[in-house]
Amino acid sequence: MSVRVLATTPLPGGALEALGARFPDLRIAPFRSPAWVAARAKAEALLVLLSEPLDGTDLAAAPNLKVVGTYSVGTNHLPLDACRARGIAVVNTPGVLTDATADLALALLLAVTRRLREGEALVRGGQWTGWAPDQLLGTGLAGKTCGILGAGPIGRAFARRVWALGMRPAFWDREGRGDTVPFGPGEAPRLPLDDLLRRSAVLSLHCPLTDQTRNLLDREALERLPPGAVLLNTARGGILDEDAVLDLLRSGRLGGAGMDVYQCEPAIRPGWRDAPRAVLLPHLGSATAETRKAMADLLCEGVTAVLSTRC
Ligand code: DGY
């Protein structure tokens, strides 16, 4: 039987081609282009990126649909309830991007606290006149508490990294079971959110965007952070109130922010462009060659498994 796989873009490595060879025929058409819309009507597998939200209308327009695959670990852009109701499988890419994302959060932490952006600009701009005792002083991390929202694999991988810097990781997560979270070399306390916020010199987001975490860090919550705290978001925009973050950066209440994701990305609030003490990245969490290939492999394996059993 012919199985139609509809993807929106080529993926790194050969996994997508192999999927097309196994289940002819495979179409690649830009998301929501006329060709994509036409092919959707016959598709048995829809493959999308995290920036390509599907809704119930897409499912209704695809009567043969058996599986929705996303080239991401996050699934907040998918109609999960509608998929469940129709028995459509959802395949994502957990596990393979854990280290890459935790590495990027660490890079943001060091970039913000050690003022890498300003230092680089000084050198590149030809304005560096020499070493000085008070030049671009940053903030040390050892001995300070690093609050981590989300005790899943990425949150725990980030805990290992900050632990190696001499920080004290502490967690909040949605389930909140147990007093501690094992993260490899040790166990860290699992705290109520308010408690965690009040203690965190650094707060890093590693939870998915769900109804429970949407706007979790509103202005009131952000104001509970200690003065000078540093905020990192490599999870999803929408978990925190970016307008409040911008106000708190401008007033000096927040010590810095490292942002990889934004509520309306790729559009960003104009305020980010001149936000002080902020390092801004374009959603690079999983962006290593190895990881992106592993994500393609895992996604295509998952889609293959579904199509093989349901055809
Ligand atoms: C994901 O896969 O959901 C990540 O946001 C990629 O960086």
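Order of appearance sets the numbers: ligands from 1, and atoms from 1 within every ligand.
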*Could you establish whether T101 and ligand 1 come within less than 4.0 Å of each other, counting only heavy atoms on the residue side?*
no
*Are side-chain heavy atoms of L59 and P79 found at a separation under 4.5 Å?*
yes
*E242 versus L240: any side-chain heavy-atom pair under 4.5 Å?*
yes
Could you list the atoms of ligand 1 found under 4.0 angstrom from a heavy atom of [X]?
X: L97; value: 2 (O)
X: G74; value: 1 (C), 3 (O)
X: R236; value: 1 (C), 3 (O), 4 (C), 5 (O)
X: S286; value: 6 (C), 7 (O)
X: H283; value: 4 (C), 5 (O), 6 (C), 7 (O)

_Over 60° means perpendicular and under 30° means parallel, so tell me whether F31 and W36 are parallel, tilted or perpendicular._
perpendicular
*Check the surroundings of atom CD in E220: do more than 12 heavy atoms from other residues, nucleotides or ligands lie under 6.0 Å from it?*
no
*Would you indicate whether R114, at its atom CZ, is surrounded by more than 12 heavy atoms from other residues, nucleotides or ligands within a distance under 6.0 Å?*
no
*Might you work through the side-chain hydrogen bond (donor to acceptor under 3.5 Å, both in side chains) test for T98 and R156, ending with a clear yes or no?*
CA-CA 9 Å; T98 299; R156 283 181 277 124; over 6 Å; no
*When you measure from atom 2 (O) of ligand 1 to every protein heavy atom, which one gives the shortest distance, and what is it?*
V73 N, 2.8 Å
